[in-house]
Amino acid sequence: MNKKISVTDIMIVLLSVILAAGIPFFFHACGAKEDGTFMNCHSAQQVIFGLACVMMIISFAHLGAGSAKMKTGISIALIPLEIYTALIPETVIKMCMMADMRCQAVMKPATIIICILMLIVTISDIVYQKKRGNINDEKADV
Amino acid sequence: MKLIGDGISKRYFRKTKKANYFYAVQKTDIEIKEGNITVITGRSGSGKSTLLNMLAGLLEPTEGKVYFDDRDIYSMSDKELSILRNENVGVIPQGQTGLSSLTVMENVVLPYYMYKKGENIEKRAEELLETVGMAELSNAYPTELSGGENRRAAIARALIQDPGIILADEPTGDLDDENTRIVLELLRKTADSGKAVLLVTHENEAVNYADIVYKMDGGVLTV
Amino acid sequence: MTKRLMFKNIVKRSGRSLALMILSAFLSFSVFGGYIAITSMQNGLNSLESRLGADIIAVPDKAAHDIEAILIQGTPGYFYMDKSNMEKIKQIEGVEAVSPQYFLASLSAGCCSVPVQVIGFEPETDFSIQPWIKESYGANLGTDELLAGANINTDVGENLKFYNHICKVVGKLEKTGTELDNAVYTNGSTVKALMSAAKETGVGVLEKNDPEKLISSVLIKVKDGYDIDSISDNINIHIRHVTAVRTQNMIEGLSQSLMGISGMTKVLMAAVWILSLVIMAIAFSMIINERKREFAVLRVIGASRRTLAVTVLSEAAVIGLAGGLTGVIAGFLILFPFEGVLTDKFGMPYLAPNISNIISAALIAVISSVIAGSLTSAFSAARISRIDTGLILREGN
């Protein structure tokens with residue numbers, strides 16, 4: 001019952017890695033303009049990438065953490081980050097003008113979906129860790 | 001409650017030998033009486049398990065009839081017969097028979113919940129597991145148990161519905177002396193509480209606990 | 001209890017259940033995704049047809065490709081001809097109504113450097129754009145006011161700058177799923193002001209001409225009973241420097257590629273289904289073999305033959321249900337947020353069907369995956385119900 005690594009652990013790591021690795025390579029925003037300068041969405045991409053890296057590091061810490069309490073704490077810390085990252089495209093940083101441009105068509109939905117999935121997994125992790133913590137407490141009582 | 005095999009036999013077809021069929025069990029009359037342990041000994045392949053399966057309603061005899069309290073069980077529908085077996089016949093099959101997805105406790109209560117709902121049968125299951133010395137292992141899974149423990153869990157499962165008849169097929173097979181003794185004493189106790197017990201085995205130890213002993217050889221049952 | 005046993009079986013053998021679930025997910029995803037993609041393209045095509053709104057579009061010679069590029073491929077562009085051409089067209093017999101349009105492509109709009117197509121129309125004569133505008137914007141467009149297509153990422157009240165001329169976005173148009181969503185719309189006087197502004201910034205074509213005397217295209221409606229082809233031929237023959245394009249011909253190409261795409265999708269779906277069904281049937285039959293002993297035990301403790309079959313079937317159905325839901329959820333996560341990518345890849349107008357169609361497609365997808373699970377396990381279920389208990393328990397040792 002007291003498995004150190006759970007499905008939620010792996011899912012959190014996996015999703016944060018997908019976001020961090022995906023943003024620069026697969027889900028990147030629009031390219032440079034003809035004159036070589038970048039549009040707003042490029043800075044959005046870089047902020048998301050930065051946050052994704054932070055989340056990835058935290059998720060590895062979550063993977064390595066032993067006690068249920070520690071894991072719960074790390075998960076709680078992840079939640080605001082996930083929400084903020086999801087809000088970056090458009091809400092925090094305004095993006096390009098046309099819906100069929102890459103930042104609108106690819107980066108925005110990809111970021112939002114991955115963040116929402118992470119949020120769901122993180123919340124389930126908190127619930128799971130709470131359960132696991134209770135079981136451990138019972139064992140400690142015996 | 002009693003179980004009667006009336007002139008039952010089982011014939012199987014085969015292609016290679018001279019005769020195109022052979023009898024696993026020759027025409028046999030047998031009665032399993034309540035309060036008694038009936039033991040059938042014999043080498044493996046002698047037909048004793050086939051006889052037990054016919055009596056359990058799991059294998060239709062080629063000839064003859066099996067009566068449970070004067071009811072011809074093979075004239076019933078599959079459903080009726082299944083319910084009859086579920087409620088009145090506790091079968092302890094050969095080998096490891098715990099369902100691996102379920103805990104010991106869930107395995108033991110499974111026969112009860114097969115046709116019924118509600119009522120807290122778990123308490124009775126706990127008592128039974130206590131009797132077979134498995135109380136502490138009720139949350140374990142069958143794969144985590146030893147052969148003896150699995151067999152004892154199967155006995156508890158066979159008894160959960162408080163059936164009038166217990167049919168045990170090699171219940172002490174590949175068990176050590178200590179576990180063999182525990183299992184046989186359990187069956188003795190069960191018989192003493194008024195149940196009809198049939199025990200099929202190739203070991204002689206069981207004979208010491210028996211009221212009636214048969215020998216089976218080449219499909220022929222002898223006293 | 002048998003229900004509980006079923007769930008525990010699924011959970012305890014999670015690897016196997018997961019593999020089967022993923023297969024079922026493919027099934028429902030292919031049904032759902034295939035349906036949504038094809039229907040969306042069909043919708044987009046219908047929407048394009050109704051939005052074009054004219055039987056014939058007359059454009060300057062050499063601009064026949066440009067008009068298609070603007071309306072179908074969404075490449076911003078502009079071209080002009082003399083206004084007098086419209087009067088000539090009007091004289092042709094069988095022409096019921098004509099209305100001019102003005103095209104202008106911005107160099108840059110606001111923050112982001114993408115050319116935006118500006119389409120101007122004359123409110124007095126227009127019969128193609130205004131019915132669409134009425135769906136989302138009640139009032140008439142004033143000077144320096146514009147309406148933005150659904151794909152333009154701007155809010156009502158914002159200002160957009162074209163050639164240093166500031167216009168106010170007063171409304172957003174209903175999504176059509178076509179390239180028309182990428183344009184902004186103004187009335188004739190505003191677009192002429194923009195053209196003058198463009199002339200000042202040095203847009204070549206406009207340099208020598210007076211914007212007041214120019215139009216880009218003429219939308220033509222043909223009277224009932226007249227043959228559209230012969231009228232378009234008439235225009236091509238009698239009016240110099242003007243080419244008439246039948247809107248139906250523009251759509252035809254798209255409708256042929258839609259047929260191609262939907263044919264391919266069907267083949268792909270069939271392949272996914274056949275492959276998955278075969279794998280699932282084999283998997284179930286292997287699982288049953290492996291679990292013979294377990295079923296024999298169930299039989300021993302009083303399960304009827306029917307119960308055994310029901311257990312097998314319902315396990316498969318539950319896996320099918322879980323997989324089906326997963327497939328549909330994946331469909332929702334991929335198809336709708338990434339609509340832009342799909343539109344781009346297919347090069348087709350793409351308009352998602354309405355919510356009730358989406359829901360029924362999702363239901364059908366899930367149900368078909370449940371049925372697939374039950375069907376592929378049916379043979380195994382039938383086999384398990386004929387199980388020879390005694391034999392299995394003996395050989396199992």
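Note on naming: letters A, B, ... go to the chains in the order of the sequence lines (proteins, then strands), and numbering restarts at 1 for each one.
For C:R299, the parts lying near chain B are the backbone and the side chain together; criterion is any non-hydrogen pair under 4.5 Å. Proximity to chain C (any heavy atom under 4.5 Å) is restricted, for B:Y141, to the side chain, taken from C-beta onward. With a 4.5 Å cut-off on non-hydrogen atoms, C:V297 touches chain B through its side chain but not through its backbone. With a 4.5 Å cut-off on non-hydrogen atoms, B:S100 touches chain C through its backbone and its side chain both. Heavy atoms closer than 4.5 Å to chain B are found in the side chain of C:R13, but not in its backbone.
Ion pair B:K195/B:D162 flagged as a salt bridge, since at least one NZ, NE, NH1 or NH2 atom sits closer than 4.0 Å to an Asp/Glu carboxylate oxygen. Under a 4.0 Å N-O distance rule, the pair B:R43/B:D217 qualifies as a salt bridge. The existence of a salt bridge linking B:E60 and B:K65 is excluded, since no basic side-chain nitrogen approaches an acidic carboxylate oxygen closer than 4.0 Å.
Contact count versus chain C (heavy atoms, under 4.5 Å) is highest, among B:I160, B:L59, B:L99, B:L52, for B:L99. When each of B:I83, B:V89, B:L167, B:D78 is checked for heavy-atom pairs under 4.5 Å with chain C, B:D78 comes out on top.
Side-chain rings of C:F332 and C:F32 approach one another, their centers coming within less than 6.0 Å.
Judged by distance alone, with hydrogens and angles left aside, the side-chain atoms of B:D6 form no donor-acceptor pair with the main-chain N or O of B:V66 at under 3.5 Å. Between the B:T38 side chain and the B:L198 main chain, no donor and acceptor come within less than 3.5 Å of each other.
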